[in-house]
Amino acid sequence: MQYFDQPLPLAFLKADRNGKIVSYSGIARESFDLSEGHLKGIIDEESIEKLIQYSWEPGLDPVKLELNMKTRETPLSLFEVHIQWDSEDYANMLFLPKDSSNENLMDKLMQLQQRLSSTDFELLEKKEELEQVLIRLNQLSGPFIPLSETLCMIPLFGDITADKINVISESCLKAVFAGEYEEILFDLTAVGEIEGKGIEKFTQLLKTLNFMTGSIIKLIGIKPNLAKVLNTYKLDEWVQIDQSLKQVLNVYFNRNELGAS
């Protein structure tokens, strides 16, 4: 029996097919009483039968078993044993103790995994809450305001983005179709930055409203930067552009007063 003079962090033994130990590591010598020079001296009888049954036929693939071992400190201790047969027909055996410290480590890993899962779920909930808040903010950025039975207004606030126009379009179309509005005003006075896809969605909304309702659509409060962008979409046949809300309302109510008289 030969001492294996290589530093290994775990107990290591090499045995032949008869169970005779031919070499061992320093930790193996410290952990087990190797005086018999045989695996039967350090492995419980039932575990010996398990070892022979499941791993004592040489093969290429490594085998992993749980065996009860006789150590210098305890009569029986559970070990995870990794066995690999080499080209010289020797079983190379590595012993990993399955003690309470390992169990504690596994418990800690399980607890960490549970905390991570809980954190993932909480983050998902927060994400969903944030998405709902953003949808609500987008809805409030383009409220539908009926000014009379035939006149309504949608003031836009903040940046023109695709997400915002998608949300506004849904509520706007429902409200317009529910009434009989002859004129629809979009007040763009409070518009900020202009996103390319956002302005595309906005022009699609204007065309849809004009096509589906036949209403007159007017844009008011257009700033020079927005006017420059809108000119590229050639909206003259779809919308009218007016300078201010006051101007539009004066024309609308004066016309209705004349009609009533």
Side-chain angles (χ1 to χ4, degrees), residues 122-261:
E122 290 174 0
L123 288 175
L124 179 60
E125 284 187 324
K126 293 298 182 183
K127 179 184 177 183
E128 292 176 349
E129 289 178 8
L130 179 59
E131 289 175 349
Q132 293 301 315
V133 170
L134 291 176
I135 291 174
R136 182 57 179 160
L137 286 175
N138 285 334
Q139 291 173 339
L140 296 174
S141 297
F144 179 85
I145 305 173
L147 299 175
S148 72
E149 291 183 357
T150 58
L151 177 66
C152 64
M153 180 177 71
I154 300 97
L156 299 184
F157 301 97
D159 300 340
I160 294 183
T161 65
D163 289 340
K164 177 180 292 184
I165 300 303
N166 282 335
V167 173
I168 292 172
S169 296
E170 183 178 354
S171 58
C172 176
L173 290 171
K174 287 181 180 179
V176 169
F177 292 153
E180 296 181 1
Y181 298 102
E182 298 174 0
E183 293 186 28
I184 302 171
L185 309 181
F186 282 90
D187 187 353
L188 309 177
T189 306
V191 165
E193 298 294 326
I194 306 163
E195 183 185 272
K197 291 185 178 180
I199 201 67
E200 289 180 6
K201 293 288 185 179
F202 179 61
T203 56
Q204 291 174 8
L205 172 60
L206 298 178
K207 293 176 182 180
T208 300
L209 285 170
N210 180 269
F211 179 77
M212 298 298 293
T213 67
S215 304
I216 298 171
I217 300 174
K218 295 184 177 183
L219 305 182
I220 58 177
I222 299 178
K223 298 175 183 177
N225 63 327
L226 181 55
K228 184 178 180 180
V229 175
L230 289 174
N231 283 339
T232 62
Y233 288 90
K234 300 178 181 180
L235 297 174
D236 295 346
E237 61 178 301
W238 307 98
V239 301
Q240 298 177 15
I241 297 178
D242 288 271
Q243 294 182 352
S244 67
L245 177 60
K246 181 179 179 181
Q247 178 186 9
V248 172
L249 293 180
N250 283 337
V251 171
Y252 175 80
F253 287 113
N254 287 335
R255 184 175 66 243
N256 283 326
E257 287 177 2
L258 290 174
S261 62

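Quantities reported herein were computed from a predicted structural model and do not represent experimental measurements.
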K.L.:
I'd like to know whether CD of Gln204 has more than 12 heavy-atom contacts from other residues, nucleotides or ligands below 6.0 angstrom.
P.N.:
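Yes - once you tally the heavy atoms of other residues, nucleotides and ligands closer than 6.0 Å, there are more than 12.
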K.L.:
Kindly say whether the aromatic ring centers of Tyr181 and Phe144 come within a distance under 6.0 Å.
P.N.:
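Here the rings of Phe144 and Tyr181 have centres that are less than 6.0 Å from each other.
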K.L.:
Answer yes or no: is there a side-chain heavy-atom contact under 4.5 Å between Ile217 and Phe186?
P.N.:
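Result yes, sub-4.5 Å side-chain heavy-atom pair found.
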K.L.:
So do the side chains of Leu226 and Phe202 get within less than 4.5 Å of each other, counting heavy atoms only?
P.N.:
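Not in contact.
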K.L.:
Within the 4.5 Å heavy-atom criterion, are Ile184 and Asn210 side-chain neighbours or not?
P.N.:
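Result no, sub-4.5 Å side-chain heavy-atom pair not found.
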K.L.:
Would you check if the side chain of Lys201 reaches a backbone N or O of Lys164 as a donor-acceptor pair within less than 3.5 Å?
P.N.:
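Answer holds: no.
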K.L.:
Within this structure, what is the CG-CG distance for the pair Leu156 and Leu188, rounded to the nearest 0.5 Å?
P.N.:
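Those atoms lie 5.5 Å apart.
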K.L.:
As an exercise, state the distance from CD of Glu180 to OG1 of Thr150, rounded to the nearest 0.5 Å.
P.N.:
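Interatomic distance, Glu180 CD to Thr150 OG1, rounded to 0.5 Å: 10.0 Å.
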K.L.:
For Lys223 and Thr189, work out which heavy atoms get closest and say how close.
P.N.:
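That would be CE-O, 3.2 Å.
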K.L.:
Closest heavy-atom contact between Leu147 and Met153?
P.N.:
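Answer, listing the atom of Leu147 first, then Met153: CD1-CB, 4.0 Å.
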K.L.:
Shortest non-hydrogen contact from Glu195 to Ala162?
P.N.:
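Taking every non-hydrogen atom into account, OE2-N, 3.1 Å.
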K.L.:
Just verifying a value: how many Å separate Leu185 CG and Ile145 CD1, rounded to the nearest 0.5 Å?
P.N.:
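Taking CG in Leu185 and CD1 in Ile145, the distance rounds to 10.0 Å.
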K.L.:
Tell me if a side-chain donor or acceptor on Thr232 pairs with a main-chain N or O of Lys228 at a distance below 3.5 Å.
P.N.:
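Checking the backbone N and O of Lys228 against the side chain of Thr232, no donor-acceptor pair under 3.5 Å is found.
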K.L.:
I want to check something: taking the side chain as every heavy atom from C-beta on, are Ile241 and Leu230 in contact at a cut-off of under 4.5 Å?
P.N.:
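No - every pair of side-chain heavy atoms lies 4.5 Å or more apart.
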K.L.:
Assess whether atom NZ of Lys218 is packed by more than 12 heavy atoms of other residues, nucleotides or ligands within 6.0 Å.
P.N.:
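Yes - once you tally the heavy atoms of other residues, nucleotides and ligands closer than 6.0 Å, there are more than 12.
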K.L.:
Supply the atom-to-atom distance Ser169 OG to Lys174 NZ, rounded to the nearest 0.5 angstrom.
P.N.:
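Rounded to the nearest 0.5 Å, the OG-NZ separation comes to 12.0 Å.
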K.L.:
Got Lys207 and Leu235 here, is their nearest side-chain heavy-atom distance under 4.5 Å?
P.N.:
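Answer yes - side chains close enough.
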K.L.:
What heavy-atom pair brings Pro143 and Pro155 nearest, and what distance separates the two atoms?
P.N.:
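Here Pro143 and Pro155 meet closest at O-CD, 3.2 Å.
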K.L.:
Are Leu209 and Ser215 packed together at the side-chain level, in the sense that at least one heavy-atom pair is separated by less than 4.5 angstrom?
P.N.:
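Side chain of Leu209 against side chain of Ser215, heavy atoms only: no contact under 4.5 Å found.
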K.L.:
Please give me the minimum heavy-atom distance between Cys172 and Ile154, naming the atom from each residue.
P.N.:
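Smallest heavy-atom distance, with atoms named: SG-CD1, 3.9 Å.
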K.L.:
Could you walk me through whether Leu137 and Val167 satisfy the side-chain contact (heavy atoms from CB on, under 4.5 Å) test, starting with their C-alpha distance in whole Å, then the side-chain angles of each, then the deciding distance to 0.1 Å, before giving a yes or no?
P.N.:
CA-CA 10 Å; Leu137 286 175; Val167 173; over 6 Å; no
K.L.:
Locate the shortest heavy-atom distance separating Asp187 from Gly221; write the atom from each residue and the value.
P.N.:
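It is OD1-CA, 4.3 Å.
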K.L.:
With rounding to the nearest 0.5 Å, note down the distance linking CD1 in Ile168 to CG in Asp163.
P.N.:
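That separation rounds to 11.0 Å.
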